[in-house]
Amino acid sequence: MSDLLEEALAYAREHRDAFVQELCEYLTIPSVSAQPEHERDVKMAALWVVEHLRQRGLSAELLTTEGAPLVYAEWKSSHTHAPTVLIYGHYDVQPAEPLELWHTPPFEPSLRGGYIVARGADDNKGQHFAHIKALECLLCTTGALPINVKVLLEGEEEIGSTHLSRFVREHPELLKCDCVLISDSAMRSLQQPTIIYGLRGLLDLDITVRALEHDVHSGHYGGNVQNPIMALAQLLAEAKDREGRVLIPGFYDGVRALDAAERAQLARCAWGEAEIKKETGALQAFGEPEFTPVERRGIRPTFEVNGMWGGYTGPGIKTIIPAEAHAKVTCRLVPYQEPAHVGAAIRRFFEQRCPPGVTLEMRIGPGSPPTLLPLDNHAMRAAVQAATATFGAEPLFELEGGSIPVVHEFAHTLQKPVVLMGFGLPEDNIHAPNERFALASFEKGIEASVRFMIQLSATS
Ligand code: BES
Ligand code: MN
C-alpha cells in the first residue's frame, strides 16, 4: 500500500466520529426542494457545504443561477498532467412526509444500530459527503491532492435538474474534466460493490379533468352529468393492459430490443420476485410477463400514477359530484426513447379518448433522457480497482431503474466517462420514512473514494 493511501486511511479512522458528527449537522438542514416553504433551507444547505469545503482548503463558491444555487468548488494540483475529476452530488432531499411513520424526526439525525437515520442520510448528503471527506483525508495528510478536483453539488435533483442540465450545456469549459464521479446510487450489499452503467430517464405529467363549474348535489344531478374522477380513472385505465403493458401508440418507439448476450448478462443479477416482496411488502411481483424483473427495471419503460385526487375525502358522507379531478403521472424512459416524443404520444392518446362532457388539461414536463454509459475506459478501471480493494469483491455492473437527470448531459456535453459507484444499500429506505445510511457505507465510501482518486492519478 502506498504511503499516501495508508496515511489517508489512517486519518479517516482517527476522524471517524468527527466525520459522522459533521454529517449529522448537514442532515439537520431540511433542504426539501419540492416544497416552496423550504426554499430558505435549500439555500442554507448550499451555504453550509460551501463553508465546509472552504474550511478544508478548496476554493468554493455559490453559483446563483435560476432555481436553487449550485455549489462549485475546485482544487488544482501542481502537477501539470494530473487528471481532473468532477464530483457530482445533490444537497436537496425528498419531502419527509408521511411524518408519523418516522421513529425519530427526519431532520434530527439519530445514530441507531450502526445507521445514521435522517432524511437525506443516503440520498444524497451522506454519499457525496463521503467524497468530500475523502478529499479531506488526502489534503490533511499530505497537504495536496494527487489529482485536480472539481465539486459540483446541486439543489434540484429531486425535482428534475432542469436548471443544471442547461447550466452544463452552457458551461462546458468550467466543468471540463477527465471523468465524473457520482455516488447517488446503491450497492447490492456491503460485500457486493455495484457500478451502475445505465439509468432510466423520466417524464412527468399533471393531468386535470374538469366537468362542472363547482361541486354539485349527487342526488339532484347524479345520472345526468359526467363525473370527472370517473372520467379520469377510465382514461388512465385505458393506458395500460391488465398485465402491465402500456397501450399508448408510439410509447415504445425507440426502445431497444435485447440480444441473447445482454439478456444473459442481466440474468446474472440475482434480483427477482423474492427480493421485491421482501424489500416492498408487495403480495407478488407484477409487470410485463415477457420480461424478467431485472429487465423490467433496466430496459423497459413505465407509466405510473403517482397520485390522484379530487372530490371529498374527509370523514362521513358528502354526497357530491366533484367539479374536477387530478392525477400526477411519471414515466421512466429507457434508451432510445425521447422524452418529447413520448410526451406527444401520451397527449395525443388522452386527447383522442377524452369523453364528451369534460375538458382535459395536461402539463407535460421537458423530462430527462435515459443514459447508457460506456464501460471500457480508464475511470471505470480505476473504480473497479478501488471497489475491489475496499470491499473485497469485484463490482457487479447493473442497470438502475431510477434516474439522475443530469448524467445524460454530463455524458453528452462533456464527452467523458461517468462512474456511478454508490455506497447506499437497498434497505436504506430512500424516498421513504426512516431513511438511513449505514456507518459502514459511509466509512467504506470514504475509503473507496480515496482509493479511486489515488488509482486515477497513478494510471492517467
Ligand atoms: N439517488 C436517486 C436515484 C437512484 C434511486 C439511484 C435508486 C439508484 C437507486 C435520485 O436521487 C433520485 O431519486 N432521482 C429521482 C429523479 C427524478 C425526480 C427526476 C428519481 O429517480 O425519481
Ligand atoms: Mn432521490
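Position 1 is the first residue of the sequence, and the numbers go up from there. Note that the structure is predicted; figures quoted are calculated from it, not measured. Note that these values count all heavy atoms, side chains included, but never hydrogens, waters or copies made by symmetry. Counting starts at 1 for both ligands and their atoms, in listed order.
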Within 6.0 angstrom of Leu283 CG, more than 12 heavy atoms from elsewhere: no

Residues in ring pair (Phe, Tyr, Trp, His ring centres under 6.0 Å) contact with Phe410, at least two apart in sequence or another chain: Tyr88

Aromatic ring proximity, centroids under 6.0 angstrom, Tyr26 and His128: yes

Show the distances, to 0.1 Å, for all pairs joining an N/O atom of ligand 1 and a protein N/O atom that are shorter than 3.5 Å, listing one pair per line.
residue, atom, partner, partner atom, Å
ligand 1, 1 (N), Asp123, OD1, 3.3
ligand 1, 1 (N), Asp184, O, 2.9
ligand 1, 1 (N), Asp184, OD1, 2.8
ligand 1, 1 (N), Asp184, OD2, 3.3
ligand 1, 11 (O), His90, NE2, 3.1
ligand 1, 11 (O), Asp123, OD1, 2.9
ligand 1, 11 (O), Asp123, OD2, 3.2
ligand 1, 11 (O), Glu157, OE1, 2.8
ligand 1, 11 (O), Glu157, OE2, 3.4
ligand 1, 11 (O), Glu158, OE2, 3.1
ligand 1, 11 (O), Asp184, OD2, 3.4
ligand 1, 13 (O), Glu158, OE1, 3.2
ligand 1, 13 (O), His431, NE2, 2.8
ligand 1, 14 (N), Glu157, OE2, 3.0
ligand 1, 14 (N), Ser403, O, 2.8
ligand 1, 21 (O), Arg332, NH1, 2.8
ligand 1, 21 (O), Arg332, NH2, 3.4
ligand 1, 21 (O), Ser403, N, 2.9
ligand 1, 21 (O), Ser403, O, 3.3
ligand 1, 22 (O), Arg332, NH1, 3.4
ligand 1, 22 (O), Arg332, NH2, 2.8

Aromatic plane relationship, Phe129 with Trp48 - under 30° parallel, 30 to 60° tilted, over 60° perpendicular: tilted

Rounded distance (nearest 0.5 Å) linking atom OH of Tyr197 with atom CD of Gln265: 5.5 Å

Arg169/Glu409 salt bridge by N-O under 4.0 Å criterion: yes

Side chain to side chain contact (heavy atoms under 4.5 Å, CB included) partner of Arg436, the single match among Leu111, Val117, Leu425: Val117

Contacts of Asp428 that satisfy side chain to side chain donor-acceptor pair (under 3.5 Å) - sequence neighbours left out: none

Mutual orientation of the aromatic rings belonging to Phe251 and Phe303 [parallel < 30°, tilted 30-60°, perpendicular > 60°]: perpendicular

Sub-2.8 Å protein N, O or S atoms surrounding the Mn ion (ligand 2): Asp123 OD2, Glu158 OE1, Glu158 OE2, His431 NE2

